[in-house]
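Below: one structure, written as structure tokens.
So that the names make sense, note that chain A is the first sequence line, chain B the second, and so on, each numbered from 1. Small disclaimer: the values here were computed from a predicted structure and weren't measured.
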2 protein chains.
Amino acid sequence: MADSTPANPTATDPAAAWRGRRRRQDHGTKRDAVIRTAARAFDERGYHNTSLDDIAAALGVTKPTIYYYVANKEQLLFECFLAGLEPIRAALRRAEQTPGSGRDRLREVIHDYAVAIASEYGWCMVRAEHQDLGAELGAQVRSLKSEIDRAIRRLLQGGINDGSIAVTDPKLAAFAIAGALNWIAHWYRAGRTLTADEVATALVQFLDHGLAPREPRAGKPLPATARVRRTRSAARA
Amino acid sequence: MADSTPANPTATDPAAAWRGRRRRQDHGTKRDAVIRTAARAFDERGYHNTSLDDIAAALGVTKPTIYYYVANKEQLLFECFLAGLEPIRAALRRAEQTPGSGRDRLREVIHDYAVAIASEYGWCMVRAEHQDLGAELGAQVRSLKSEIDRAIRRLLQGGINDGSIAVTDPKLAAFAIAGALNWIAHWYRAGRTLTADEVATALVQFLDHGLAPREPRAGKPLPATARVRRTRSAARA
DNA sequence: GTAATATTCTACTCAACAGTAAGTTCTGGC
DNA sequence: GCCAGAACTTACTGTTGAGTAGAATATTAC
């Protein structure tokens with residue numbers, strides 16, 4: 001749902017915002033193009049290996065032009081983060097208002113979350129270092145991320161309460177689910193064998209299988225604390 | 001090999017390798033101290049926000065001393081990666097030689113993998129960018145990582161074949177599991193509420209629950225990890 | 001048209017930091 | 001007690017890249 005503007009060429013080729021007639025383009029369109037191009041460059045080469053000159057070159061402009069649209073490099077990364085995060089927040093808002101079991105609602109969120117991470121903003125959301133944003137923006141990112149974490153935990157807890165989900169530790173489960181989804185940003189490349197939607201659907205299936213209660217019949221809790229034997233891992237202090 | 005010296009103070013405080021009266025220390029010990037200190041610094045501030053002067057200062061030496069032990073900054077990161085990876089490779093080797101169902105063997109690997117990621121080398125293994133190593137070392141890292149990925153897929157496939165594991169897509173499942181585990185490097189901090197072993201055990205439980213077949217099959221008794229907790233809530237349609 | 005404003009450019013500054021040259025000090029071997 | 005080489009230092013170089021000043025050009029308003 002991110003780039004749904006009907007026939008928007010800047011979605012596939014942001015530099016198009018500058019090409020063609022030098023007519024006064026919408027300021028917002030160009031700003032979006034800057035952000036999207038930056039996100040792609042960061043994804044490809046990393047934040048520190050991407051100079052603003054690189055991004056400018058990809059857009060067919062010069063470095064000061066970028067400063068006309070964003071305050072500095074930090075803020076550029078921050079905007080990439082926000083742009084990518086929006087669909088996830090939307091999905092969570094939707095889930096809050098949707099009726100249904102916790103598990104059903106979580107399934108929807110997992111799907112949309114996965115698609116969002118598979119987007120060009122995935123890197124900025126998942127792999128960018130908080131230290132690269134300043135103290136100010138870093139704290140904002142942290143806050144937004146933990147908000148999402150809490151929302152997922154709430155969904156899990158809801159599912160546990162209504163019996164649609166069976167996990168022992170919702171906090172750990174939330175981390176595990178987030179990890180499985182965020183990891184998409186590490187391995188997925190658009191345009192290969194799988195579409196983002198296929199990946200999302202497959203992960204929904206895998207995770208949902210793990211969340212489901214083991215047996216549909218109620219009222220027979222097993223005292224199961226599966227212990228891993230052979231603990232010969234050296235303690236690190 | 002890495003930190004096997006019994007009462008080794010350099011494990012907690014690598015700078016100790018230089019302190020004390022004993023000037024001429026073992027070359028290997030100091031080199032390990034350099035690598036471990038670098039790993040911690042990278043974890044804390046990121047690769048690019050850590051200068052070699054920072055690492056040198058943490059060790060109580062000067063920058064050229066670091067060059068006495070490693071060729072350059074890239075190689076330093078690479079060594080951190082290798083150091084962290086070793087326990088994982090060991091766990092996989094062990095699994096290959098161990099009898100038992102695919103699921104049992106995978107459980108062991110997951111545990112040891114999680115502990116390894118929770119180590120001080122977790123950042124270097126998971127979050128370091130391949131581009132920051134050169135083409136040469138980057139390719140080596142990629143190769144080692146994909147080797148691990150293949151091993152996990154093999155374990156999954158083995159479990160599918162012997163009926164102890166039920167997943168539809170082993171490739172996707174391997175990514176999901178790796179993601180859940182690697183994500184530890186993003187959120188876990190040693191010395192807080194949980195020990196590495198506790199985290200590992202909890203994740204083993206969560207993931208194992210997801211891998212288990214839905215209902216017990218004939219001839220393959222499953223360990224009692226299943227757990228259904230029903231609260232008194234009514235089901236909603 | 002012309003003034004006002006928006007946009008983009010050229011041409012810089014300045015600091016950070018990887019990496020090095022060349023010298024100094026320590027230590028074990030003899 | 002002297003030497004060879006290991007270990008470490010001080011003091012540099014060169015480059016890269018973020019960020020800026022101010023001029024130039026385009027676009028809109030009138």
Rounded distance (Å) that lies between atom P of D/dT16 and atom CD1 of A/Ile55
18 Å
Return the value, rounded to whole Å, for the distance between atom OH of B/Tyr68 and atom P of D/dA7.
3 Å
What integer distance in Å separates A/Asp132:CG from D/dA18:P?
12 Å
Those residues that, when tested against B/Ser146, pass side-chain hydrogen bond (donor to acceptor under 3.5 Å, both in side chains) (two or more places apart):
B/Arg150
Please state how far atom CZ in A/Arg31 lies from atom P in C/dA6, giving the value in whole angstrom units.
16 Å
Mind checking what makes ring pair (Phe, Tyr, Trp, His ring centres under 6.0 Å) contact with A/Phe81, not counting sequence neighbours?
none
Quick one: side chains of residues 133-140 of chain A, donor-acceptor pairs under 3.5 Å with protein atoms, not counting sequence neighbours, listed by atom name and distance.
none

Whole-Å distance, B/His27 NE2 to C/dG28 C1', equals 16 Å
Rounded to whole Å, please give me the gap between CD in A/Gln75 and C1' in D/dG19.
14 Å
Phosphate-side-chain proximity, B/Thr65 and D/dT9, N/O vs OP1/OP2 below 4.0 Å
yes
Have B/Tyr121 and B/Asp43 got a donor and an acceptor in their side chains that come within less than 3.5 Å?
no
Apply side-chain hydrogen bond (donor to acceptor under 3.5 Å, both in side chains) to B/Tyr47 and list each qualifying residue two or more places apart in sequence or on a separate chain.
none
Close N or O pairs between protein and nucleotides 17-22 of chain C (under 3.5 Å):
residue	atom	partner	partner atom	Å
C/dA18	OP1	B/Lys73	NZ	3.0
C/dA18	OP2	B/Leu52	N	2.9
C/dA18	N7	B/Lys63	NZ	2.9
C/dG19	OP2	B/Tyr67	OH	2.9
C/dG19	OP2	B/Lys73	N	3.1
C/dG19	O5'	B/Tyr67	OH	3.3
C/dG19	N7	B/Lys63	NZ	3.0
C/dG19	O6	B/Lys63	NZ	2.9

Hey, is the side chain of B/Thr62 poking within less than 4.0 Å of OP1 or OP2 on D/dT9, counting only N and O atoms?
yes
Look at the side-chain N and O atoms of A/Tyr69 and state whether any lies under 4.0 Å from the OP1 or OP2 oxygen of C/dT7.
no
Less than 3.5 Å apart, which donor and acceptor atoms pair up between the side chains of residues 56-72 of chain B and the rest of the protein, not counting sequence neighbours?
residue	atom	partner	partner atom	Å
B/Thr65	OG1	B/Thr62	O	3.4
B/Asn72	OD1	B/Glu74	N	3.4
B/Asn72	OD1	B/Gln75	N	2.9

